[in-house]
Amino acid sequence: SAETLIVPVTPGGFVFMSDGALIQSVTGTISVSADGNVTLGGLQTLNGTSSAVSVTSRNGAIVDGGLIHREIVASAVGSSVTLSALTGIGSVDALETTIVELSAVNRGTGDIRIAESDGVNLKKMLQESGTASGGIYVVSGTGTLRVLSGGSGVEVKGSGVIDLFADGGDLGNLVADAEVKSQVGSVTLGADNNVTFGVNGDVSSTSGAIAVSGDFDGSGTPGTPGGY
């Protein structure tokens, strides 16, 4: 339907979707929130708005719930996905997605890990805690992985690292059109094809190493990045 699908949870509760469980809407938005962990089976919508999918764990983590479905599919033009958690987003096992645009904020411990099937625009990726060690890891299977112009960029305020990789052979491109910033940890940007920096695509780390690698696979065929 065109209505918003809201998953109700009692105060202090959690959301657990078993492997194979699916919440699906034709054109409506999907909103899932809980005080505890949110474990995702599959969320799918063709909604093309900035609120297409929203997942919030106020005091816990957003967790990969299995293998049957991608955790989030929101591929309509104009759609955006917003994720918010306290103790990690795909931290143990990366969230598998097929989405257009992503904003993800983690406020405490744990990593942000995203495995995108094709290209994705990163509007805001933030590890908010200045004392935590969680990093940001995003890999795209093909297409363009873009740090979106006009967005908030990619930032780790604690000691964690940033690792962005565009897989996909000649189609795997990484474009930084906004800031990529780490306070302490390293920053690694890689692509099977090209890594391109726009006018606002500054990359910085106060004390960590910065590495940029284009033509990562050196063969014109998809590589296999580690760490995801």
Side-chain angles (χ1 to χ4, degrees), residues 6-7 9 14-15 29-40 43 45 47 49-65 71-72 74 79-116 120-140 145-164 176-185 187 189 200-206 208 228:
I6 301 175
V7 178
V9 178
F14 60 90
V15 173
T29 62
I30 298 175
S31 178
V32 182
S33 64
D35 287 335
N37 288 350
V38 176
T39 300
L40 298 177
L43 307 178
T45 182
N47 181 272
T49 71
S50 60
S51 56
V53 176
S54 174
V55 182
T56 301
S57 173
R58 285 179 285 274
N59 298 307
I62 300 173
V63 181
D64 179 347
E71 278 68 55
I72 304 173
S79 63
S80 187
V81 172
T82 301
L83 307 176
S84 176
L86 179 66
T87 59
I89 298 172
S91 185
V92 175
D93 191 5
L95 298 185
E96 297 174 332
T97 63
T98 301
I99 59 180
V100 175
E101 182 179 278
L102 175 63
S103 296
V105 177
N106 188 55
R107 295 175 285 108
T109 60
D111 294 329
I112 298 174
R113 292 180 179 263
I114 304 294
E116 166 65 21
V120 62
N121 295 315
L122 304 179
K123 184 177 182 181
K124 179 179 182 179
M125 303 292 290
L126 175 62
Q127 284 281 12
E128 194 170 73
S129 173
T131 59
S133 59
I136 296 175
Y137 303 82
V138 182
V139 59
S140 59
L145 174 59
R146 185 184 302 273
V147 183
L148 193 63
S149 176
S152 301
V154 178
E155 182 176 5
V156 172
K157 292 188 175 182
S159 59
V161 306
I162 296 172
D163 192 335
L164 309 180
D177 279 332
E179 187 174 30
V180 179
K181 181 179 180 180
S182 172
Q183 290 297 328
V184 178
V187 178
L189 307 180
N200 294 315
D202 296 332
V203 179
S204 64
S205 177
T206 303
Y228 299 94

side-chain hydrogen bond (donor to acceptor under 3.5 Å, both in side chains) evaluation trace for Asn47 with Thr45: CA-CA 5 Å; Asn47 181 272; Thr45 182; 5.3 Å; no
Any chance you could lay out the side chain to side chain contact (heavy atoms under 4.5 Å, CB included) test for Val138 and Met125, step after step, and finish with the verdict? CA-CA 10 Å; Val138 182; Met125 303 292 290; 3.8 Å; yes
Decide side chain to side chain contact (heavy atoms under 4.5 Å, CB included) for Leu126 and Ile112; before the verdict, give the C-alpha distance in whole Å, the side-chain angles of both, and the deciding distance to 0.1 Å. CA-CA 9 Å; Leu126 175 62; Ile112 298 174; over 6 Å; no
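Tested against Leu102 for a side chain to side chain contact (heavy atoms under 4.5 Å, CB included), the candidates Val81, Val53, Asn121 yield a single pass: Val81. The only member of Val15, Asn106, Leu95 that meets side chain to side chain contact (heavy atoms under 4.5 Å, CB included) when paired with Ile62 is Leu95.
Minimum heavy-atom separation, Val38 to Thr56: CG2-O, 3.6 Å. Between Thr39 and Gly65, the closest heavy-atom pair is CG2-CA, 3.6 Å. Across Ala178 and Leu148, no two heavy atoms sit closer than the pair CB-O, 3.3 Å. Of all the heavy atoms in Ala74 and Ser79, the pair that sits closest is O-OG, 3.0 Å. For Ser80 against Glu101, the heavy-atom pair with the smallest separation is OG-OE2, 2.9 Å. The two atoms that bring Ser182 and Gly160 nearest to each other are OG-O, 3.5 Å, heavy atoms only.
Here the side chain of Glu128 pairs no donor or acceptor atom with the backbone of Leu86 at under 3.5 angstrom. In terms of modelled atom types and a separation under 3.5 Å, the side chain of Thr87 and the main chain of Gly60 share a donor-acceptor contact. Checking side-chain atoms of Ser205 against main-chain N and O of Gly185 turns up a donor-acceptor pair under 3.5 Å. A donor-acceptor pair is defined here as one N or O able to donate and one able to accept, closer than 3.5 Å; no such pair exists between the side chain of Arg113 and the backbone of Gly135. Listed for the Ser103 side chain is no donor-acceptor partner under 3.5 Å among the backbone atoms of Thr82. Checking side-chain atoms of Thr97 against main-chain N and O of Ile99 turns up no donor-acceptor pair under 3.5 Å.
The shortest distance between side-chain heavy atoms of Tyr137 and Asp111 falls below 4.5 Å. Leu164 is listed as a side-chain neighbour of Val147, based on a closest heavy-atom distance under 4.5 Å. Residues Val180 and Asp202 have side chains not in contact (no heavy-atom distance under 4.5 Å, counting atoms from C-beta outward). Between Leu43 and Val55 there is a side-chain heavy-atom pair separated by less than 4.5 Å.
We find the CG-OG distance between Asn200 and Ser149 to be 6.0 Å, quoted to the nearest 0.5 Å. Between the CG atom of Leu145 and the CD atom of Glu116 there is a distance of 8.5 Å, given to the nearest 0.5 Å. In this structure, CD1 in Ile89 is found 6.5 Å from CD1 in Ile114, a value given to the nearest 0.5 Å. One finds the CG atom of Asp35 at 11.0 Å from the CG atom of Asn37 (value rounded to the nearest 0.5 Å). Note: Asp163 CG to Leu189 CG = 8.0 Å, rounded to the nearest 0.5 Å. A distance of 8.0 Å separates OG of Ser204 from CD of Gln183, quoted to the nearest 0.5 Å.
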